[in-house]
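In what follows, every chain begins at residue 1, and chains take the letters A, B, ... in the order their sequences are listed. Keep in mind that what you see is a predicted model, and the values were worked out from it rather than measured.
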There are 2 protein chains.
Amino acid sequence: MDNNIADIYSLLQEIAWYFGDHGLGGECCADLSFVEFMALKKAYENKDSSIQDIGNALNFTKSGSTRIIDRLENKGYIIRERSALDARVCCVPVTIKGTEVMKSVLDERNRELNEILKDLDSEMIEQIKDVLDILVTAIQRHETI
Amino acid sequence: MDNNIADIYSLLQEIAWYFGDHGLGGECCADLSFVEFMALKKAYENKDSSIQDIGNALNFTKSGSTRIIDRLENKGYIIRERSALDARVCCVPVTIKGTEVMKSVLDERNRELNEILKDLDSEMIEQIKDVLDILVTAIQRHETI
DNA sequence: AATAATAGTTGATGTGGTCAACTATTATTT
DNA sequence: AAATAATAGTTGACCACATCAACTATTATT
């Protein structure tokens, strides 16, 4: 059904709006923009990622990556460390403060999402998770081709 | 299950990234940014919407709304028209060119989404649509409270 | 040892948004 | 009906954030 595809695309756009930079009343995540939050998340998930690793994961140029890291470092959420293996590379471990802000943002957002979904039964929640999983997996497979 | 909520949130973020301003290799929609596309879409869906209607729908300030409309008008996708009922209000009908670009972007994006989902059977597609529908409805209900 | 490649930084620049002050029009008050 | 308030939109000054191109520093290749 081609019409389902169009509907799905439109729904995904709404979700992208709401959970992206613009929704949530413009307030994303403590003192972080959505982009900064995603960068911090990447740094957190992938211990020992370099500056460009993060930039690549987020579709940024080299200089864009540098500048995101600048902001996160200025806010005290990560630190730059030259790699011992290759002094050209900067590793950007997340600081304790960074971990804390991540966790508190996630807590806050999860509480909000819980509120949004509170009228749905747990079976439906499960189904939502499964479906989104399939969707994101399909997207990621498509991206890496 | 609280853990499901956290998973769902994380998945929604991925979707927001991919379908928002950043994913799609930075290229959103012809010569439109994601924001511009959403504004055009609002103008298209809601015939006779004013500049602020669009701004409100997208969480922008008055001046931000003006500037988005500037850009869309400069690109020839909408035109400003003073309302006959209230000369303070600007209506922003979508031009033919605007409708065409909308349609071609949607075509293109739907084709891409179709590609992403091509390995899923039609039952699953149906399920994805239903689940996203429930999700977006829940979000919208929550927003208007 | 010379050259190329890679990681990251920086200055100039462009885009895209906000705030505050403005104009023009309509609604309300006395 | 004149004065005042409210509303829609615009504009200038400004700030946040990304890019490009040119740069430094380090490592790999010839």
Side-chain angles (χ1 to χ4, degrees), chain A residues 17 20-40 42-43 46 48-75 77-93, chain B residues 17 20-40 42-43 46 48-75 77-93:
Chain A
W17 192 264
D21 241 330
H22 309 282
L24 307 160
E27 281 310 308
C28 164
C29 327
D31 62 345
L32 295 169
S33 70
F34 182 52
V35 170
E36 287 163 3
F37 180 78
M38 290 297 278
L40 186 57
K42 296 291 174 193
N46 202 337
D48 298 325
S49 42
S50 71
I51 292 182
Q52 288 206 56
D53 287 341
I54 293 176
N56 290 338
L58 302 180
N59 273 325
F60 281 106
T61 60
K62 268 197 312 178
S63 46
S65 314
T66 290
R67 300 213 144 116
I68 290 178
I69 299 301
D70 283 346
R71 272 137 57 199
L72 290 176
E73 195 175 27
N74 287 337
K75 289 173 182 170
Y77 297 151
I78 60 169
I79 47 173
R80 276 176 167 87
E81 269 176 8
R82 286 284 162 185
S83 163
L85 299 169
D86 184 337
R88 289 170 300 185
V89 177
C90 272
C91 295
V92 284
Chain B
W17 192 263
D21 240 330
H22 309 282
L24 306 161
E27 282 310 308
C28 164
C29 327
D31 62 347
L32 295 169
S33 71
F34 181 52
V35 170
E36 287 163 2
F37 180 77
M38 289 298 278
L40 185 58
K42 296 290 174 194
N46 202 337
D48 299 325
S49 43
S50 71
I51 292 182
Q52 288 206 56
D53 287 341
I54 294 176
N56 290 338
L58 303 180
N59 273 325
F60 281 108
T61 60
K62 269 198 310 179
S63 45
S65 314
T66 291
R67 301 219 142 112
I68 290 178
I69 299 301
D70 283 345
R71 273 138 56 198
L72 290 175
E73 193 175 29
N74 287 337
K75 289 172 183 170
Y77 297 149
I78 60 169
I79 47 173
R80 276 176 168 86
E81 270 176 7
R82 287 282 163 185
S83 162
L85 299 170
D86 184 336
R88 289 171 299 185
V89 177
C90 271
C91 295
V92 284

Write down the distance between [atom1] ([X]) and [atom2] ([N]), rounded to a whole number of angstrom.
X	N	atom1	atom2	answer
Phe60(B)	dG9(D)	CZ	C1'	17 Å
Asp31(A)	dA16(D)	CG	P	13 Å
Asp70(B)	dT15(C)	CG	C1'	13 Å
Leu85(B)	dT26(C)	CG	P	10 Å
Asp53(A)	dG8(C)	CG	C1'	13 Å
Leu32(A)	dA16(D)	CG	P	15 Å
Asp21(A)	dG17(C)	CG	P	10 Å
His22(B)	dA16(D)	NE2	P	17 Å

*Please examine the side chains of Asp31(A) and Glu36(A), heavy atoms only from C-beta on, and report whether any two atoms are closer than 4.5 Å.*
no

Does [N] have OP1 or OP2 sitting under 4.0 Å from an N or O in the side chain of [X]?
X	N	answer
Gln52(B)	dG9(D)	yes
Arg80(B)	dT10(D)	yes
Arg71(A)	dA16(D)	no

*Indicate yes or no for a side-chain donor-acceptor contact from Lys42(B) to the backbone of Leu58(B) under 3.5 Å, with no hydrogens or angles considered.*
no

_Whether Glu73(A) side chain and Arg80(A) backbone form a donor-acceptor pair below 3.5 Å_ = yes

Over all strands shown, is [X] touching base, sugar-phosphate only, or nothing at heavy-atom distances under 4.0 angstrom?
X	answer
Thr61(A)	sugar-phosphate
Ile68(B)	sugar-phosphate
Ser65(A)	nothing

When you measure from the side chain of [X], which nucleotide among [options] comes out closest?
X	options	value
Val35(A)	dT9(C), dG16(C), dA18(D)	dA18(D)
Thr66(B)	dT7(D), dT11(D), dT9(C)	dT11(D)
Ser63(B)	dA18(D), dT18(C), dA24(C)	dT18(C)
Arg88(B)	dA24(C), dT9(C), dC17(D)	dA24(C)
Arg67(A)	dT19(D), dT10(D), dT26(C)	dT19(D)

*Heavy atoms only: give me the nearest Asp48(A)-Cys91(A) pair and the separation to one decimal.*
O-SG, 4.4 Å

*What heavy-atom pair brings Asp53(A) and Ser49(A) nearest, and what distance separates the two atoms?*
OD2-CA, 3.6 Å

*Which base, if any, makes a Watson-Crick or G-U wobble pair with dA1(D), both distances under 3.5 Å?*
dT30(C)

*For dA28(D), which nucleotide in any strand shown is its Watson-Crick or wobble partner with both distances under 3.5 Å?*
dT3(C)

_Please compare Asp86(B) and Lys62(A) by the position of their nearest nucleotide in DNA chain D and report the one closer to 5'._
Asp86(B)

_Contact nearer the 5' end of DNA chain D, comparing Ala84(A) with Ile51(B)_ = Ile51(B)

*What class does the angle between the rings of Trp17(A) and His22(A) fall in, given that below 30° is parallel, 30 to 60° is tilted and above 60° is perpendicular?*
parallel

